[in-house]
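Structure first, then comments.
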Amino acid sequence: MCRQYQRVQGQQLKVVCTMSAGYNQIDTSLLKTKGILLGNTPGVSSDAVADTALLLAMAASRRYTEGRRHIEEGTWETFEIQWMLGQDISGSTVGIIGLGSIGQAIAKRLKGFDVAKILYTGHREKPEGKEIGALFVSQETLNTESDFIFLAAPLTNETNQMCNAEFFSKMKKTGIIVNISRGKLIDQAALIRALRDGEIFAAGLDVMDPEPLNKDSELLKLSNIVLTPHIGSATNNTRNAMAELTAKNILRALRGEEMITPVKL
Ligand SMILES: O=C(O)C(=O)CO
C-alpha cells in the first residue's frame, strides 16, 4: 500500500519547494531528469541570518563561551586588567566569502560597526560590492588580511571543505571565522586543531557537520568557539515569510506559472 502510494506520488509530483535558501540537501539532477520543478526561499531570510552572523562574530571575538564558563566555575577574576581580552570589530578588516544576499546583508551591518575594510571573494566582482564599498580580492589576500572571515557561500563541490588546514594556516593568529552557510564548508577536524593550537583566535558556527552535532563532539570542549544550533533564519517573521514564499511558489508552479524564486536546474 505504502509502496504503491509512493509510486503514484512519484509519477504525479510536479514541484518541490524547500523552505530554505540552500538546496544542497536536494538531488537536483534527479528532479531535472524527472522534469520536477524546484523552488527555494532566498532573500527573505538574509537579514535574520546576517544578524546571526554578527551575533557569532561578536560573541566569538569577546570570548563569550570562555567567560560564561568562568562565571559557572567560579573562576571570574575581578579587577584583572589583562583578563579576557578580545578582538575589536571596529577598525578591523573583514573578509566575506560569497557576496550574495546574505553576504551583502552582513557587509551592511558591519559598516555600522565602523570596520576599516570589507574584502570579498567569489566567482566574480559584483556591482553590489562597489555599492557597499567592498573590495574584490583573491582568496589568499582575504585569508591573510582579514581579522574576521564570514562564510556566506552556498555548499557546492567547489566550496565543500574549502576551509581546510591550509586555509587556517593562512589566517591571522588573531583571526576569527564565522560560518552561517553549511557545516561542510569547513574541514571540522582541521578547525578543531587550529582552535586548539591557537593558530586562529576563535570561531562562531551556526552550522556544523553533522547536524545535529554529536553531544560528545570535540567542538563542545573548546572554549574559543561559539555555537548555535542552525537557527540563522529562526525568527517568527522570517519563518513566516519563508512559509508564505514557499506556498506562493507551489501554487504558481501548479498553475503552470513561473515561481517567484525558482531554482535553475
Ligand atoms: O535558508 C537556509 O538555507 C538556512 O540554512 C537558514 O539558516
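In listed order, ligands and their atoms are each counted from 1. Numbering of residues begins at 1 and proceeds along the displayed sequence.
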Report the nearest protein non-hydrogen atom to [atom]: residue, atom name, distance rounded to 0.1 Å.
{"atom": "atom 1 (O) of ligand 1", "value": "Ala21 N, 2.7 Å"}
{"atom": "atom 6 (C) of ligand 1", "value": "Ser233 OG, 3.5 Å"}
{"atom": "atom 7 (O) of ligand 1", "value": "His230 NE2, 3.4 Å"}

* Considering only heavy atoms of Gly22, which atoms of ligand 1 have at least one such atom less than 4.0 Å away? ->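 With Gly22 as reference, the close atoms of ligand 1 come out as 2 (C), 3 (O).
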
* **Euclidean distance, Tyr64 OH relative to Leu227 CG, rounded to 0.5 Å** =>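 It comes to 11.5 Å.
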
* **Approximate separation, where rounding is to 0.5 Å, of Ile177 CD1 and Phe167 CZ** =>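 Reported to 0.5 Å precision, the distance equals 4.5 Å.
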
* **Check: Ser181 N/O within less than 3.5 Å of ligand 1 N/O** =>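 In fact, backbone or side chain, Ser181 has no N or O that close.
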
Can a side-chain donor-acceptor contact be found between [Y] and [X] if the only test is distance below 3.5 angstrom?
{"X": "Glu158", "Y": "His123", "answer": "yes"}
{"X": "Ser101", "Y": "Ser46", "answer": "yes"}
{"X": "Asn240", "Y": "Glu244", "answer": "no"}

* Does Arg182 come within less than 4.0 Å of ligand 1, judged by its heavy atoms? ->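 A heavy atom of Arg182 does come that close to ligand 1.
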
